[in-house]
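Here is the structure we will look at.
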Amino acid sequence: MTEENNQIPEVKAGYEGMAVEEPERDLEMSEEELAEASSLSKRTELAPNLSDMQVGVLKLFPEDLQPKARKLYDLLMVGRISPDVFMSLLRILIKEAVRRSDPHKPLHIGEMVAMAYSVLSIGLDGKGRIDLLEAMGAARESEELAKMGGGGSF
Amino acid sequence: MFDAEADIRILTGPQGSGKSMTGVAYPVDDYFEKAKAIFPSGKQYPIIGTFPYYLCKTNDGRILKLPNDYRTRGIRIESPVKIFANFKLFGLKYIYTDMKMMIQNMNSPLITDAWFLIDESFMIDKRNSMTQVGKIVAQFSATIRKRRLHLVIMVQYKSFAELRLRIFATQTILCEYDKRMGVVTLTISKKGEKRKQTVSYNSMQYRRYYDTYELIPIPEHVIERAKALVGAE
């Protein structure tokens, strides 16, 4: 078998000769849209490359808990909390938060209750964590696979 | 700019999910990152912003805003980034590349060192893979790295794309569009990596570079063949 086209033909008109440029389309944009715009490449550079598990852990262990009570809250979220002691623990944690608060600053009762309730809810039977791990793991994978038409996602 | 590995990105998502927008956004960012504004005086300054105005930075650190009618004032924006696309682009220098153009230049060095955008095209539809044209496209897809191309394919479902392209793909990007916010969210899966990256961006900044309602034409020879089959004139 002979190679008929073993020479690369010359391009009659190079890229510059063939390329065209039309003015960009005129589109109106609001001031809000202008203020928040950031290019896709910049956003891709800045976006964290987290695994599903890492995203799940960030949700499971919120970082904005009160620093002084952080260790206690971490333990409560990891441990299993019996429904029988849930309300008692809630009261104790709220009292504890009130006691730790700065007496010279206004007291945010709603925030304290919400914080204690959230921590205890996460720990209650570990149910919340299991739900989230399922959601971030198998459930999400299958949803993406379905969207991609069964083509796989590496 | 170019890796040792072929850069093949498959953008997936239903109609109106921001695939074309994302496909355009990649070369637009690259184009303007390397672009310079060239003034009638001959001075050249790098472009540092494209939204909503073109901004460039002078050698002494001043930021200049190009007027909207910069073209008529003799100011040019030039970029070394080459772009080929099977749909129309606005505000960028590019070569419109349909299947005929692609096949005509298959053995020439023209389609090298560039971004190549293929949107909803007959070119990469897996149903055409056993036609003569499909075989050439498959051969082309095997030379992406040698050609130092960034190939960006936009299909609604990954399974619609030609098998080799799916195998060669280095990134699969799922696009979702939030109409209320005008934000496109991408879930990026990279070959060989279990982690996924999620990125959101404002779609407004890229709308002026393409027309979302542009129809991608079907090649004439395919229409002629279909006409012959049904006896149409």
Side-chain angles (χ1 to χ4, degrees), chain A residues 3-55 58 136-137 140-141 143-154, chain B residues 10 12-14 22 25-26 28-30 32-33 50-52 71 82-83 88-96 105 107-110 114 156-161 166 169 172 174 182 184 186-202 204-211:
Chain A
E3 286 278 334
E4 290 178 5
N5 291 326
N6 54 0
Q7 284 188 336
I8 295 172
E10 278 185 30
V11 182
K12 285 176 187 167
Y15 181 83
E16 290 300 323
M18 295 171 76
V20 293
E21 183 183 357
E22 295 181 41
E24 59 267 21
R25 298 168 70 228
D26 195 17
L27 295 169
E28 287 182 15
M29 300 159 196
S30 71
E31 289 298 321
E32 292 79 33
E33 286 161 348
L34 308 185
E36 290 181 2
S38 173
S39 73
L40 171 59
S41 58
K42 277 182 190 159
R43 285 185 169 263
T44 306
E45 273 175 31
L46 296 174
N49 211 0
L50 299 177
S51 65
D52 289 345
M53 184 65 83
Q54 284 172 311
V55 174
L58 278 176
M136 300 306 294
R140 189 174 151 188
E141 291 286 344
E143 185 193 344
E144 277 176 10
L145 209 60
K147 279 184 185 172
M148 287 174 176
S153 60
F154 303 124
Chain B
I10 299 185
T12 68
T22 307
Y26 285 122
V28 164
D29 286 351
D30 194 28
F32 288 108
E33 197 177 295
T50 63
F51 185 70
R71 282 190 175 83
K82 290 160 62 180
I83 305 171
K88 276 186 189 170
L89 295 174
F90 301 87
L92 307 164
K93 199 180 268 189
Y94 81 108
I95 294 182
Y96 180 81
N105 291 285
N107 279 338
S108 85
L110 179 68
Q156 289 183 35
Y157 294 96
K158 192 177 176 182
S159 54
F160 290 1
R166 279 183 278 152
T172 300
L174 180 65
V184 178
L186 312 177
T187 306
I188 304 169
S189 309
K190 292 179 183 169
K191 193 174 191 176
E193 291 183 22
K194 286 187 176 174
R195 294 177 177 198
K196 290 186 176 70
Q197 199 177 19
T198 303
V199 182
S200 296
Y201 69 92
N202 186 331
M204 288 303 291
Q205 57 192 315
Y206 297 109
R207 288 187 188 180
R208 56 179 165 166
Y209 299 110
Y210 82 109
D211 179 4

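Hydrogens, waters and symmetry mates are skipped; everything else that's a heavy atom, side chains included, is used. Lettering of chains follows the sequences in order, A, B, ..., and the numbering in each one begins at 1.
Each of B/Ile10, B/Val28, B/Ile83 has some count of heavy-atom pairs under 4.5 Å with chain A, and the biggest count is that of B/Ile83. Of the listed residues (B/Lys88, B/Arg207, B/Lys82), the greatest number of heavy-atom pairs within a distance under 4.5 Å of chain A belongs to B/Lys82.
Ionic pairing of B/Arg71 and A/Glu21 is present here: one or more N-O contacts between side-chain nitrogen and carboxylate oxygen are shorter than 4.0 angstrom.
Residue B/Phe160: no heavy atom, backbone or side chain, is found under 4.5 Å from chain A. Looking at B/Leu186, only its side chain comes within 4.5 Å of chain A, counting heavy atoms on both sides.
Shortest non-hydrogen contact noted between A/Ser41 and B/Glu33 is OG-OE1, 4.4 Å.
Once rounded to the nearest 0.5 Å, the distance linking CG of B/Asn105 with OH of A/Tyr15 reads 13.0 Å. One distance of note links OH of B/Tyr209 with CZ of B/Phe32; it measures 4.0 Å at 0.5 Å rounding.
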